Amino acid sequence: MEKYDRDTWVEVNLDDIRSNIHTFRKHIPEKTQIMAVVKADGYGHGSIEVAREALAAGATSLAVAFLDEGIVLRKAGITCPILILGYTPIRAVQKAYEWNISCTVFQTNWIKKAEKIVNKKQGKKKVNKHGDKPEDKHGNQPDQDKKEESIQGRKRLSVHINIDTGMGRLGVRTKKVLLSVVKGIYKSDVFQWDGVYTHFATADSQDITYLNHQFERFQSYLEFLREKGHKLPAIHCCNTAATMTHPEWGFHFIRLGIGMYGLYPSVYLKSLNILNLKPALQVKTRVSNVKFMQKSFGIGYGVTYSASPGEQIITLPIGYGDGFSRLLSNKGSVLLQGQRFSVVGRVTMDQCMVSVDKIKAKVGDEVVIYGRSGNEEITLEEVAEQIGTINYEVACMLNYRIPRVYIKQHKVVSVRNLLESI
Ligand SMILES: Cc1ncc(COP(=O)(O)O)cc1O
């Protein structure tokens, strides 16, 4: 019995996720671990199920963009380290602490404010210079502290320092600020310094000049900290693209996103055939209406397409309200019985129309929106090209309204229908 009533679904093959992880595992040095990037609901694939599969396949930690995404994973029972790659507002620090989710830090002020918030919430006074906790009037430490220390040592807020070597988005940009952030972390018993990283802006392009510049800058920052006597925590810098071309830059972690989903960071990198990846995502639907008319007739809003007499037009229950872009009006294609047919008229919020010749369609026939049918395939790259974006966005556009169906060894193993949970 299907656990969803729509005739449109995103099909995620978890065997492909596993296979892609294994492919990268073999490509990187043994000492390098995999941090699976599952932000934006697992690039549209569903973060919880992808996270579980990635961890089962050998990833040892996860990365998200914002705190909420990390809490979703914790609530699903995932206990591994989770790093927030984006900025965490100060007001959310306490939650990050409570849910044991690592924050990216790069501002001295943030460190100071975060320390106050965590100490205040934990009823902690600043430690004295001997590192002793101030005792209460009966000479005892606050119970909470004792409980925490007895369970797991002093619970700390895990932080990774982001260094901006050229991405121009987040991160420290001078050695002075870097040192100030490091000192702010060390001075307090609130923080656990777990990582230092940078992010590359051009790792997916053929010209590696800027990439090398960023890597050299990153290395100089690391050397600067070592010369100041700091023992560095986990170091990471590679996204999928940099991992493909420079696996030796893996350090302690690679931050693996698009490649885990079986997609390539760019057409150029795909052309190098460095790794054979398996796209895990397909989008499928079923014909909801079939019509032939004896005379020509208009199709869709604005009647931007006029069907000829006897032309077979099918209607599909997917539209831009699902993340199937309106830019595919009179431009996109779908697959039916292994053959390619054109979207005609404007894609509407919930439905679209397709002209089908050569074969007889019937209500309920399965249609592939993205993915494979027979010898034909509609890739996210093809769709991205048509609408002037990249495969990342095409995947992330697929929103909550479409159920996610997870496949393992050709069988449906779980279904996630967010409409049910609203
Ligand atoms: C900071 C950061 N790190 C890593 C990623 C993953 O990139 P790919 O999807 O290209 O692998 C994204 C990101 O924003």
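Starting from 1, each residue takes its place in the sequence as its number. Computed from a predicted structure; not experimentally measured.
Thr243 places a side-chain N or O within 3.5 Å of a backbone atom of Asn239 that can act as its donor or acceptor partner. One N or O on the side chain of Thr348 and one on the backbone of Gln351 form a donor-acceptor pair closer than 3.5 Å. Between the side chain of Ser47 and the main chain of Gly42, no donor-acceptor pair closer than 3.5 Å is present. With Glu69 contributing its side chain and Ala40 its backbone, the two residues share a donor-acceptor pair below 3.5 Å. Remark: side-chain polar atoms of Gln312 are paired, donor with acceptor, to backbone N or O of Ala361 under 3.5 angstrom. Between the side chain of Thr285 and the backbone N or O of Leu316 there is no donor-acceptor pair closer than 3.5 Å. Between the Ser329 side chain and the Val347 main chain, a donor and an acceptor come within less than 3.5 Å of each other. A donor-acceptor pair under 3.5 Å is absent between the side-chain atoms of Asp194 and the main chain of Ser158, judged by distance alone.
Ile369 contributes atom CD1, which lies 7.0 Å from atom OG1 of Thr8 (distance to the nearest 0.5 angstrom). Here the straight-line distance linking atom CZ of Phe218 with atom CZ of Phe251 works out to 5.5 Å at 0.5 Å rounding. Once rounded to the nearest 0.5 Å, the distance linking CG of Leu256 with CE of Met244 reads 10.0 Å. Distance check, rounded to the nearest 0.5 Å: CG of Leu211 to OG of Ser205 gives 7.5 Å. Rounded to the nearest 0.5 Å, atoms CG (Asn289) and NZ (Lys291) are 5.0 Å apart. Rounding to the nearest 0.5 Å places CG of Leu328 at 5.5 Å from CD of Gln386.
Taking 4.5 Å as the limit, some side-chain heavy atom of Glu381 sits within range of a side-chain heavy atom of Leu263. Contact annotation: the side chain of Leu335 never approaches that of Val367 to less than 4.5 Å [non-hydrogen atoms, C-beta and beyond]. In this structure, the side chains of Lys39 and Phe66 stay at 4.5 Å or more apart for every pair of heavy atoms. A heavy-atom distance below 4.5 Å is not found between the side chains of Val343 and Asn330. The side-chain heavy atoms of Lys175 and Tyr221, taken from C-beta on, include a pair separated by under 4.5 Å. Counting heavy atoms from C-beta outward, Tyr370 and Phe324 have side chains that approach closer than 4.5 Å. For the pair Ser325/Met397, a side-chain contact is recorded, criterion being any heavy-atom separation below 4.5 Å from C-beta on. Using a 4.5 Å heavy-atom threshold, the side chains of Leu73 and Ile48 count as touching.
The salt bridge (Lys or Arg N to Asp or Glu O under 4.0 Å) analysis of residues 387-405, with sequence neighbours excluded, yields the pairs Asp322-Arg401, Asp350-Arg401. Residue pairs meeting the ring pair (Phe, Tyr, Trp, His ring centres under 6.0 Å) criterion with at least one member in residues 258-286, sequence neighbours excluded, are Tyr43-Tyr261, His45-Tyr261.
Residues Asp207 and Thr209 bring a donor and an acceptor atom of their side chains to less than 3.5 Å of each other. Thr108 and Ser180 share a donor-acceptor pair across their side chains, judged by distance under 3.5 Å alone. In this model, a donor atom of one side chain and an acceptor atom of the other lie less than 3.5 Å apart for Thr198 and Thr165. Residues Thr60 and Gln33 bring a donor and an acceptor atom of their side chains to less than 3.5 Å of each other. Asn162 and Thr104 share no side-chain donor-acceptor pair at under 3.5 Å.
Among residues two or more places apart in sequence or in another chain, the ring-ring contact (aromatic ring centres under 6.0 Å, His included) test is passed with Phe341 by none. Ser271 meets the side chain to side chain donor-acceptor pair (under 3.5 Å) test with no other residue; sequence neighbours excluded. Every residue two or more places apart in sequence or in another chain was checked for a side chain to side chain donor-acceptor pair (under 3.5 Å) with Thr23, and none qualifies.
The side-chain tip of Lys155 points at the ring of Tyr97 from less than 6.0 angstrom away and within 45° of straight on.
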Apply side-chain contact (heavy atoms from CB on, under 4.5 Å) to the pair Arg74 and Ile101, showing each step before the final yes or no. CA-CA 9 Å; Arg74 286 282 186 253; Ile101 295 172; 4.1 Å; yes
| request: Applying salt bridge (charged side-chain N to carboxylate O under 4.0 Å, His left out), run through Lys358 and Glu311 and close with a yes or a no. | output: CA-CA 10 Å; Lys358 303 193 287 283; Glu311 186 173 354; over 6 Å; no
> Where do Phe292 and Lys360 land on the side-chain contact (heavy atoms from CB on, under 4.5 Å) test, with the steps shown first?
Replying inline: CA-CA 11 Å; Phe292 301 82; Lys360 176 100 182 61; 4.1 Å; yes
Report task. Check the pair Ser188, Glu115 against side-chain hydrogen bond (donor to acceptor under 3.5 Å, both in side chains), reporting the backbone distance first and the verdict last. Result -> CA-CA 7 Å; Ser188 159; Glu115 181 186 18; 3.2 Å; yes
Exercise. Run the side-chain contact (heavy atoms from CB on, under 4.5 Å) check on Ile34 and Ile21 step by step: do they pass?
Worked result: CA-CA 8 Å; Ile34 296 176; Ile21 291 270; 4.1 Å; yes
**OP:** Could you walk me through whether Leu380 and Tyr392 pass the side-chain contact (heavy atoms from CB on, under 4.5 Å) test, one step at a time?
**Re:** CA-CA 8 Å; Leu380 297 195; Tyr392 293 70; over 6 Å; no
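The aromatic rings of Phe24 and His27 sit perpendicular, their planes meeting at an angle over 60°, well past the 30° parallel limit.
Residues Ala36 and Ala59 come closest through the heavy atom pair CB-CB, 4.1 Å. Counting all heavy atoms, side chain and backbone alike, Arg286 lies closest to Gly364 at NH1-O, 3.1 Å. Considering all non-hydrogen atoms of both residues, Asp7 and Pro317 come closest at CB-CG, 4.1 Å. Val415 and Tyr4 make their closest contact through CG1-CD2, 3.6 Å (heavy atoms, listed as atom of the first residue, atom of the second, distance). Minimum interatomic distance between Gly323 and Asn399 (heavy atoms only, all atoms of both residues): N-ND2, 4.2 Å. Among all heavy-atom pairs drawn from Trp110 and Pro89, the shortest one is NE1-C, 4.5 Å.
Contact check on Asp365 versus Lys362 returns a salt bridge, with a Lys/Arg side-chain nitrogen under 4.0 Å from an Asp/Glu carboxylate oxygen. Asp41 has a carboxylate O that lies under 4.0 Å from a charged side-chain N of Arg416, or vice versa, which qualifies the two as a salt bridge. Look at Lys408 and Asp15 and you find no salt bridge, because none of the NZ, NE, NH1 or NH2 atoms lies under 4.0 Å from a carboxylate O. In this structure, Lys31 does not pair ionically with Glu248, as no charged nitrogen and carboxylate oxygen lie closer than 4.0 Å.
Remark: Glu98 CD is packed, more than 12 non-hydrogen atoms of other residues, nucleotides or ligands lying under 6.0 Å away. By the 6.0 Å contact criterion, CG on Asn375 is open, its count of non-hydrogen atoms from other residues, nucleotides or ligands being 12 or less.
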Would you give me the side-chain donor-acceptor pairs under 3.5 Å for residues 224-237, sequence neighbours excluded?
unit_1	atom_1	unit_2	atom_2	d
Arg226	NH1	Glu223	OE1	3.3
His236	ND1	Arg255	NH1	3.0
His236	NE2	His160	ND1	3.0

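If you look at Trp9 and Tyr406, their ring centroids are not closer than 6.0 Å.
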